[in-house]
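Structure first, then comments.
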Amino acid sequence: MTKVPSVIHWFRLDLRIHDNLALRNAINEAENRKHLLRAVYVIDPDIIKTKVGVNRLKFLLQSLQNLDENLRKLNSCLYVIRGKATEELPKLFDKWQVKFLTTQVDIDPEYVNQDVIIEKVAEEKDIFIVKRVQHTVFDVHSVLKKNNGAIPLTYQKFLSLVTDIQVKECIEITKKLSDHCKAPEKDLKGYEVPKLDEFLDESALEPCKYPGGETEALKRLHMYMAKKQWVCQFEKPNTSPNSIEPSTTVLSPYISHGCLSVKLFYHKLKEAESGSKHSQPPVSLMGQLMWREFYYTAGAGAKNFDKMVGNPVCTQIPWGKNDEHLKAWAEGRTGYPFVDAIMRQLKQEGWIHHLARHMVACFLTRGDLWISWEEGAKVFEDYLLDYDWSLNAGNWMWLSASAFFYKYFRVYSPVAFGKKTDKEGLFIRKYVPELKKYPTAFIYEPWKAPKSVQVSAGCIVGEGYPKRIVDHDKIHKENMQKMAAAYRANKEKKAIKRPRS
DNA sequence: TCTGGCGTTGTTCCC
DNA sequence: GGGGAACAACGCCAG
């Protein structure tokens with residue numbers, strides 16, 4: 001057992017040293033008490049096998065590696081604990097004589113449940129815990145309180161709640177940790193940052209398009225914020241879902257892992273916008289950030305936000321089950337080239353444009369396949385680098401017209417939608433290479449190509465590329481009727497619940 | 001209690 | 001090819 005007691009900062013979704021108040025609190029506490037600072041991250045090897053896809057795992061490990069490098073600049077380092085937080089941390093509380101623990105506030109039930117257990121253990125062991133809101137711009141619980149505990153159900157309503165809230169300045173850690181607060185190097189044994197090959201075979205992975213880490217995050221942020229005019233003119237609906245290079249910032253994976261502070265992003269946007277005419281929420285870049293806050297607020301306020309049943313904001317829809325269709329969708333072989341290209345980009349690169357998410361989410365749920373949004377959310381959880389509990393559930397509910405958005409008759413066409421921004425089908429040609437020689441006239445609808453054209457393009461529909469698993473023109477109309485019926489049933493149920501007095 | 005305005009990002013047809 | 005209207009199938013919220 002160590003003689004000198006310890007202060008822990010438990011990193012979770014705040015894999016950075018900039019604007020990390022909880023980390024600064026831990027450092028200051030260690031200095032004042034003359035304790036050792038232990039910066040820890042807990043990684044559960046089992047979760048990796050089930051929920052986190054290989055690309056996201058790689059991103060996470062790169063972020064941890066970079067975090068360790070940045071901590072070393074502060075005369076500290078990162079301990080990576082293998083196992084479950086609720087089992088491993090209590091052991092370390094004893095081993096390291098922990099007196100003080102800091103961490104960030106999270107709303108993902110997985111973290112919330114962990115917190116309950118850890119806080120109980122900490123209380124028994126007389127460990128003081130400090131939690132800081134630093135994964136959202138606003139404290140979502142105080143936003144809910146401001147709305148009398150009700151969940152804001154529209155974006156505009158949410159904006160009206162936060163418009164007069166003063167956002168605090170970012171904080172920096174300017175002083176290095178004193179040598180006497182630095183834990184001995186030998187303590188690190190067994191807690192080193194994992195190399196990729198500890199968890200996966202790197203050779204099986206695609207080249208890394210978006211490397212993880214705080215350093216990369218800040219580089220990316222500054223690159224975009226330097227383009228003041230671009231920032232001020234940004235309007236999301238005018239960006240392209242199917243450009244070969246992303247038409248938006250791709251800061252999302254860095255934000256979801258906390259490599260980038262949302263508060264820093266907020267202030268940088270304010271700075272870029274100040275003194276210039278600029279676009280406004282919901283379509284502006286600031287508007288994008290506010291969408292995130294909106295979903296976080298809803299996710300914190302609603303029970304079972306990531307499920308249909310027992311979720312107060314979610315319309316109950318009798319989705320069907322079709323594992324073959326689900327699999328075809330997830331693997332990018334629905335027979336609709338635009339849908340398949342998007343799903344293959346997602347699987348390969350871990351990121352797709354927001355409107356591309358609209359396209360495939362609508363297709364899976366109310367548009368074509370009539371499969372529950374919960375199934376789609378699970379696939380996204382696996383594949384997305386920027387997976388985020390509340391955003392994922394919120395957006396899936398939006399697209400399936402289960403909550404927040406109700407115009408279910410607006411269905412994305414898997415043929416027409418992509419053409420608006422990519423007539424030639426370059427995006428399809430890249431991600432569905434078996435169709436790359438198809439003439440432009442048939443690139444979105446290869447089944448319409450005469451056999452001779454299919455032969456000369458080197459790919460027969462039904463052999464080299466799948467036949468359509470559904471007929472969109474027919475099925476989307478049937479699904480609209482089902483949506484109408486589900487809405488009617490929901491309305492009747494509500495009327496029974498709240499009878500006229 | 002009722003009503004009209006409005007909501008980040010639809011499609012298709014027609015001029 | 002760009003813009004506007006028809007299509008017909010919405011719920012939330014402020015007044």
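- Running 5' to 3' along DNA chain C, contacts with non-hydrogen atoms of chain A at under 4.0 Å begin and end at C/dA9 to C/dA14.
- Here A/Asp323 pairs with A/Lys321 in a salt bridge; the nearest charged N to carboxylate O distance falls below 4.0 Å.
- Taking the centre of each ring, A/His135 and A/Tyr296 come in below the 6.0 Å mark.
- For the contact set between residues 282-304 of chain A and DNA chain B, defined by any heavy atom under 4.0 Å, the members are A/Pro282, A/Val283, A/Gln288, A/Trp291.
- C/dC12 and B/dT1 are spaced 16 Å apart, taking the C1' atom of each and rounding to whole Å.
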Enumerate the protein-to-nucleotides 11-15 of chain B contacts in which both atoms are nitrogen or oxygen and the separation is below 3.5 Å.
| from | atom 1 | to | atom 2 | distance (Å) |
| --- | --- | --- | --- | --- |
| B/dT11 | OP1 | A/Ser413 | N | 2.7 |
| B/dT11 | OP2 | A/Lys420 | NZ | 3.3 |

Which donor-acceptor pairs under 3.5 Å do the side chains of residues 248-255 of chain A make with protein atoms, sequence neighbours left out?
| from | atom 1 | to | atom 2 | distance (Å) |
| --- | --- | --- | --- | --- |
| A/Thr249 | OG1 | A/Leu251 | N | 3.2 |
| A/Ser252 | OG | A/Asp386 | OD2 | 2.7 |
| A/Tyr254 | OH | A/Pro211 | O | 2.6 |

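- Between atom CD of residue A/Glu214 and atom OG of residue A/Ser63 there is a gap of 9.5 Å, rounded to the nearest 0.5 Å.
- Separating the NZ atom of A/Lys236 from the P atom of B/dT8 is a distance of 13 Å, rounded to the nearest angstrom.
- Across the protein-nucleic acid pair, A/Leu153 atom CG and B/dG7 atom C1' stand 13 Å apart, rounded to whole Å.
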As a quick check of understanding, evaluate salt bridge (charged side-chain N to carboxylate O under 4.0 Å, His left out) for A/Lys146 and A/Asp164, giving each step before the final call.
CA-CA 12 Å; A/Lys146 200 171 169 190; A/Asp164 58 350; 2.7 Å; yes
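- Comparing the same atom, P, in B/dT8 and in C/dA14 gives a spacing of 14 Å after rounding to whole Å.
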If you look only at distance, which donor and acceptor atoms sit under 3.5 Å apart when one is on a side chain in residues 447-460 of chain A and the other is two or more places apart or in another chain?
| from | atom 1 | to | atom 2 | distance (Å) |
| --- | --- | --- | --- | --- |
| A/Lys448 | NZ | A/Glu445 | OE2 | 2.9 |
| A/Gln454 | OE1 | A/Val461 | N | 2.9 |
| A/Gln454 | NE2 | A/Ala449 | O | 2.9 |
| A/Ser456 | OG | A/Ser452 | O | 3.3 |
| A/Ser456 | OG | A/Val453 | O | 3.1 |

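- Residue A/Gln156 places at least one side-chain N or O closer than 4.0 Å to OP1 or OP2 of B/dT8.
- Residues A/Lys209 and A/Glu245 are paired through a salt bridge, judged by an N-O separation under 4.0 Å between the basic side chain and the carboxylate.
- Ring-centre distance between A/Tyr295 and A/Phe305: not below the 6.0 Å cut-off.
- A/Ile342 CD1 to A/Tyr336 OH: the interatomic distance, rounded to the nearest 0.5 Å, is 14.0 Å.
- Dense packing is recorded around NZ of A/Lys227, with more than 12 heavy atoms of other residues, nucleotides or ligands lying under 6.0 Å away.
- The partner of B/dT8 is absent, by the rule that a Watson-Crick or G-U pair needs both atom distances under 3.5 Å.
- Nucleotide C/dA8 is matched to nothing when pairs are restricted to Watson-Crick or G-U wobble geometry with both distances under 3.5 angstrom.
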Identify each atom pair where a protein N or O and an N or O of nucleotides 3-6 of chain B are less than 3.5 Å apart, giving names and distance.
none

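- A/Leu355 comes within 4.0 angstrom of a base, heavy atoms only.
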